[in-house]
Q: 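Sharing a structure here in structure tokens format.
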Amino acid sequence: MFALIDGNNFYVSCERAFRPSLRGLPVVVLSNNDGCAIARSDEAKALGVKMGQPHFEIRHLEQSAGLVCLSANFELYGDISDRMMTLAAGLGPLQEIYSIDESYVGDLEGMRDLTQRAWAIRSRIYRWTSIPTCVGLAPTKTLAKLCNHVAKDAERKPGSYPKEFAQVCNWAEMSAAAQQDVLHRTLASEVWGIGRRIAAQLSEQGILTAWDVAHMPATKARREWSVVLERTVLELQGLSCISLEQAPPPKKQIASTRSFGQAITDLPPLIEAVSEFATRAAEKLRAGGQRAGALQVFAHTSPFRPGPRFYRTATIHLEPPSCDTKVLVGAAVAGVRSIYAPGYQLAKAGVMLLDLAAKGVEQQALDFAAPGSVRDQSPLMEVMDRINGRWGKATVHVASTGNAEKAVSDWRMKQERRTPRYTTVLDEVPIARA
DNA sequence: TCTGGGGTCCTAGGACCC
DNA sequence: TCTGGGGTCCTAGGACCC
């Protein structure tokens with residue numbers, strides 16, 4: 001048995017935890033640069049605000065309907081998530097944290113009063129964090145996900161599912177008739193693992209509901225689609241194919257990307273942005289004790305705007321693999337210089353770290369071996385990470401220009417505008433481009 | 001004017017090997 | 001007419017998730 005515990009409208013609920021006056025109001029949380037809606041309260045959903053809808057399309061609702069739009073505060077959401085996950089773990093012996101607002105709890109076979117325990121955990125989470133949650137319980141992850149969906153909709157969409165399944169829904173305690181009824185009421189596209197594309201292809205063959213998916217031959221799912229859909233079919237039939245992953249597997253890639261508030265056309269601000277991305281990515285890399293064997297940097301124009309298109313990527317191989325911010329920033333800057341062309345309204349750029357590998361013992365030894373070598377920078381990086389962890393992001397950072405004088409003058413200008421910061425001035429590291 | 005930022009897995013096809 | 005039969009590795013692209 002699995003439980004899926006999920007925070008309702010999570011980011012909005014986090015905001016409401018600290019601003020109770022927002023309860024009952026239509027509220028959305030906006031993405032970076034206040035670009036689009038990434039979380040909506042039930043009241044905002046009722047106004048017709050869609051997931052991912054651009055802010056400028058819903059802005060009129062602020063006046064006409066009292067819609068409250070908030071900029072995202074991911075640090076806050078991360079903190080509340082940690083607390084919620086700790087409480088959710090109390091439901092059973094094993095936990096997989098699946099996303100910022102969801103966790104599976106597993107190994108629940110034979111547990112007595114499981115449904116009652118789920119209710120108790122749910123109310124404890126609400127009392128201690130102010131986050132309302134729903135719980136789905138079932139013998140497979142896909143069914144637990146489905147029950148979680150039922151628990152949510154039964155509460156907020158009257159008539160969608162029987163009311164007794166609201167908030168906590170246990171598949172194992174439903175009658176066979178109730179299980180069938182739920183499968184019939186659920187669209188195929190609402191099943192975990194079936195997205196828009198596959199749902200459209202399924203509907204061409206008359207497979208419209210979760211019941212239809214559960215009753216298609218698994219062999220057909222595999223033959224005409226893939227093993228992914230085959231697993232979904234089997235999981236809906238109650239055969240567990242997707243197991244709990246307690247310790248997250250080591251990351252295979254790390255990305256740091258951003259849309260720009262205003263389009264960029266010149267190289268210097270692009271270099272500045274890309275340096276920032278490489279710095280963030282390097283921090284994540286070191287936090288996981290990994291090194292990157294390659295770095296990819298990209299920049300592109302907006303797909304929504306007219307004008308000449310630009311979409312380029314450069315891949316730089318790092319030999320030896322590195323987790324040093326200076327090396328990664330140097331590679332990112334070299335890469336972006338190589339793809340840059342003037343005359344384009346660049347809307348987005350990013351850095352991705354690839355070919356990640358655990359930092360081996362030999363590498364750690366090398367880090368401390370030869371003073372002055374490229375590889376002896378890890379102690380510096382460690383100190384940087386500690387200072388930034390203690391005093392906040394970018395308290396200390398790498399300057400990404402080959403011109404030390406300019407770096408210093410840029411830094412002075414920033415000092416005048418901001419609270420005091422400290423910076424180390426370091427040169428670009430030359431990188432061989434693949 | 002203004003359109004998110006991360007991730008994962010699977011498959012197909014090409015290059016290359018014996 | 002028939003045109004070997006596997007393997008592996010790599011990459012690109014598609015689809016999905018939150």
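Numbers restart at 1 for each chain; the letters A, B, ... are given by sequence-line order, proteins then strands.
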Q: Say we look at B:dC16 and C:dG4: how far apart would their C1' atoms be, to the nearest angstrom?
A: 16 Å

Q: Closest-nucleotide mapping onto DNA chain B: is A:Glu57 or A:Thr257 further toward the 5' terminus? I mean the 5' end.
A: A:Glu57

Q: For a side-chain hydrogen bond (donor to acceptor under 3.5 Å, both in side chains) with A:Lys152, tell me which candidate from A:Asn9, A:Asn8, A:Asp6 qualifies.
A: A:Asp6

Q: Look at all strands and tell whether A:Ser302 reaches a base, only sugar-phosphate, or nothing, counting heavy atoms closer than 4.0 Å.
A: nothing

Q: Within the 4.0 Å heavy-atom criterion, would you say A:Arg305 contacts the bases, only the backbone, or no part of the nucleic acid?
A: base

Q: Please step through side-chain contact (heavy atoms from CB on, under 4.5 Å) for the pair A:His300 and A:Leu346, ending with a clear verdict.
A: CA-CA 5 Å; A:His300 64 77; A:Leu346 300 172; 5.8 Å; no

Q: Within the structure shown, what part of the strands sits under 4.0 Å from A:Lys50 by heavy-atom distance: base, sugar-phosphate, or nothing?
A: nothing

Q: Which part of the nucleic acid does A:Val29 contact within heavy-atom distance under 4.0 Å: base, sugar-phosphate only, or nothing?
A: nothing

Q: If you look at every strand shown and take non-hydrogen atoms under 4.0 Å, does A:Leu30 touch a base, only sugar-phosphate, or nothing?
A: nothing

Q: Are the charged groups of A:Glu224 and A:Lys220 less than 4.0 angstrom apart, N to O?
A: yes

Q: Can you tell me the pairing partner of C:dG14 across any strand shown, Watson-Crick or G-U wobble, with both distances under 3.5 angstrom?
A: B:dC9

Q: For the residue pair A:Ile38 and A:Leu30, establish whether any side-chain heavy-atom pair is separated by less than 4.5 Å.
A: no

Q: Classify the nucleic acid contact of A:Gln53 as base, sugar-phosphate or nothing, counting any heavy atom under 4.0 Å across all strands shown.
A: nothing

Q: Checking all strands, does A:Asn33 fall into the base, sugar-phosphate, or nothing category for heavy-atom contacts under 4.0 angstrom?
A: nothing

Q: Under 4.0 Å from any heavy atom of chain A: name the first and the last nucleotide of DNA chain B that qualifies, 5' to 3'.
A: B:dC2 to B:dT11

Q: With heavy atoms under 4.0 Å as the rule, sort A:Ile100 into base, sugar-phosphate or nothing.
A: nothing

Q: Which part of the nucleic acid, if any, lies within reach of A:Arg222 when heavy atoms closer than 4.0 Å are counted: base, sugar-phosphate only, or nothing?
A: nothing

Q: Do A:Ser130 and A:Arg23 come close enough that some side-chain heavy atom pair is under 4.5 Å?
A: yes

Q: Is it the case that the ring center of A:Tyr98 lies less than 6.0 angstrom away from the ring center of A:Trp192?
A: yes

Q: Side chains of A:Ser103 and A:Gln95: any donor to acceptor distance under 3.5 Å?
A: yes

Q: Of A:Phe260 and A:Ile254, whose closest DNA chain B nucleotide lies nearer the 5' terminus?
A: A:Phe260

